[in-house]
Amino acid sequence: MLKRAREIGNIIRNSKEIHIVSHIDADGITAGAIALQTLKRLGKEHSIEFVKQLDNQVLEKLGNENHELVWFTDLGSNISTNYSDINKIITDHHKCPKNSDYNFHLNPHLFGLDGSTEISGAGTTYLVSKTIDKNNMDLSSLAIVGACGDLQNRRYGKLHGLNRKILSDGEKIGVISSKMDIQFFGRETRPVYKLLQFSSDPLIPGISGRESSCISFLQETGIKMKDGDNWRRWVDLSKDERKKIISNISQILLTKGFGHKITKRIIGEIYILSQEKEGTELHDVKEYATLLNSTARYGQYDVGLEVCLGDRDKYLKEALNLLRGHRHNLVEGLRFAKEEGIFKRDYLQFFHAGTGIRDTIVGIVANMLLNSEETSNTLPLIGFADKGNNEVKASARATQELVDKGLDLSSAMRKAAKQLDGVGGGHNIAAGATIPKGKEEEFLDILEQEIKTQLSSSV
Ligand code: C5P
Ligand code: C5P
Ligand code: ZN
């Protein structure tokens, strides 16, 4: 992979003008920011755009723009064999056909590695950046934000594979540090009772989603919730207080029969960006990733990008505004999907949000729902949302257990969408597709058959 990264680095060095095309989530924004910073430092003429997906429209436009070189980051793996009229390099981690192994395409899947856990789009982009100049090692922090934004730390409760090499780059030069701590979201910025209330992976029965139960749980555990007028956050608690909470939560999970494997998921490695201020949305990597998702998934790409490039003023303020909206939309989205109903079939479960949830966040809602009491944890979950233009977005999410049994959502979604003249792809554990509106039932039928075949042929 490093040899390929060097080859791509040379293509960059030999070009004068480079246009970056990246994806609209945290991994895509960080990947784009790493690419942009690399080109800036090299003094290359550069430009950047973010797209929801690489469809024919985008590709046609790019073809007409006649860029000297186009750098696809966190997307592009599926076009590597086509569109030879676009002079391109690709740093991606999505599943790709074997015959896409070209010197301009850096992708873990081409090297026998797993693109859903071992390295992200930002990570592959970082590898190229580092081969161009060792001074770009400071960008490892963004690569780790991207990896955690794609939940690559969840399978093992810590980063794994090449992601660990990137982490150690960051630790070496002092931009990142890691430690074991609670895995729930909002360690640095949320009142402790909120951190518990929004816990979803794992879900704590009787606590998650219930504000008053969280408050009484903390009272019973003997934790003071306020310090003067200020709500205490996880980072404000003493080591003993944290231990007590973790031990009481574990107790709840164990007595409810969740077993050690799930209970252990409460604790894992967490990542801190050492040069950011403590108690801000930028200090903890997971909170940083969510902040970026709040910008790009609402079309405000430049806001997230500028934050990644170092703005801590106007754009950061704007990002924090957007974060409030994003949180609100997620809470409303969850409520909406539950109200609409989650329907179970033999091999999958699904909900249809219509226009009630944005197509760009329906995947996040599906992910949160899969960890909730409303869904079965033995079936993959598909969420639909209208995209406009007579198209529907489908987002699929599964558990690691299903993937271990042979489920590959990327291939299932790609095949099912293709039969209906749509497009799909992604990772084995999480994939998406766009299909014509009105074809949802047909899509589910084909998808269910595909999933059934996958799960029965691997026994
Ligand atoms: O496009 P991209 O690769 O950036 O997105 C990866 C997606 O896979 C994210 O939406 C992430 O939430 C999902 N994922 C997941 N569980 C994992 C790994 C990734 O849901 N263990
Ligand atoms: O959009 P969503 O979060 O559901 O996407 C899950 C994963 O599937 C992401 O990695 C995304 O990039 C990928 N995907 C894809 N092709 C599509 C839609 C989504 O590769 N048409
Ligand atoms: Zn990605």
Side-chain angles (χ1 to χ4, degrees), residues 1 5 20-38 48 50-52 71-77 90-94 106-109 113-130 136-156 158-171 175-176 178 185 269-273 275-276 281-297 301 303-310 319 360 363-364 367 426-427 429-430:
M1 274 191 87
I20 304 160
V21 180
S22 196
H23 195 211
I24 61 154
D25 64 2
D27 188 30
I29 296 281
T30 48
I34 293 169
L36 192 86
Q37 196 65 275
T38 306
I48 187 166
F50 292 91
V51 297
K52 272 192 201 177
W71 185 353
F72 293 102
T73 63
D74 192 34
L75 41 71
S77 57
I90 301 168
T91 49
D92 192 12
H93 68 129
H94 291 96
L106 183 68
N107 189 317
H109 294 286
L113 301 177
D114 177 4
S116 65
T117 53
E118 299 190 57
I119 190 163
S120 73
T124 51
T125 308
Y126 169 76
L127 291 187
V128 169
S129 177
K130 187 183 161 190
N136 290 338
M137 272 168 68
D138 59 331
L139 304 177
S140 54
S141 55
L142 290 175
I144 297 303
V145 172
C148 293
D150 270 7
L151 307 184
Q152 300 208 324
N153 56 322
R154 288 309 288 144
R155 180 167 181 189
Y156 300 101
K158 60 180 184 183
L159 289 167
H160 173 75
L162 277 174
N163 277 324
R164 288 212 82 72
K165 292 237 161 28
I166 301 175
L167 174 66
S168 84
D169 278 0
E171 288 179 328
V175 292
I176 310 176
S178 61
F185 183 85
E269 216 167 56
I270 57 116
Y271 307 100
I272 296 294
L273 299 191
Q275 293 174 336
E276 303 294 343
E281 285 72 10
L282 300 172
H283 199 230
D284 177 278
V285 159
K286 264 199 297 198
E287 294 200 60
Y288 195 140
T290 296
L291 185 71
L292 296 182
N293 273 326
S294 316
T295 67
R297 290 187 188 258
Y301 319 113
V303 176
L305 180 67
E306 292 297 336
V307 170
C308 288
L309 294 174
T360 51
I364 304 181
N367 222 338
H427 307 285
I429 197 162

Roughly how far, to the nearest 0.5 Å, is [atom2] of [Y] from [atom1] of [X]?
| X | Y | atom1 | atom2 | result |
| --- | --- | --- | --- | --- |
| Q275 | H283 | CD | NE2 | 10.0 Å |
| L162 | T117 | CG | OG1 | 10.0 Å |
| I176 | D138 | CD1 | CG | 10.5 Å |
| E269 | S178 | CD | OG | 4.0 Å |

What I'd like to find out is whether the side chain of [X] reaches to under 4.5 Å of the side chain of [Y], using heavy atoms alone.
| X | Y | result |
| --- | --- | --- |
| T38 | V128 | no |
| C308 | Y288 | yes |
| I119 | I166 | yes |
| K52 | T360 | yes |
| V51 | V21 | yes |
| L142 | Y126 | no |
| H160 | D114 | no |
| L273 | V285 | yes |

**Report entry** Stepwise side-chain hydrogen bond (donor to acceptor under 3.5 Å, both in side chains) test for D150 and H93
**Finding:** CA-CA 11 Å; D150 270 7; H93 68 129; 3.1 Å; yes
Quick one: closest heavy-atom pair of [X] and [Y], and the distance?
| X | Y | answer |
| --- | --- | --- |
| I90 | G76 | CD1-O, 3.5 Å |
| T73 | S22 | OG1-OG, 2.7 Å |
| T124 | M1 | CG2-CE, 4.3 Å |
| Y271 | R164 | OH-NH1, 4.2 Å |
| I34 | A143 | CD1-N, 3.7 Å |
| D74 | D25 | OD2-OD1, 3.3 Å |

Query - Candidates T125, N163, D27 - the one meeting side chain to side chain donor-acceptor pair (under 3.5 Å) with S120 - result: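 Result: among T125, N163, D27, D27 is the only option passing the side chain to side chain donor-acceptor pair (under 3.5 Å) with S120.
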Query raised in the report: Is there a side-chain hydrogen bond (donor to acceptor under 3.5 Å, both in side chains) between D169 and S140 once you walk through the steps?
Result: CA-CA 7 Å; D169 278 0; S140 54; 5.9 Å; no
Report task. Using modelled atom types only, decide if a donor and an acceptor are shared between the side chain of Q152 and the backbone of I144 within a distance under 3.5 Å. Result ->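 Side chain of Q152 to backbone of I144, a donor-acceptor pair under 3.5 Å: no, none is there.
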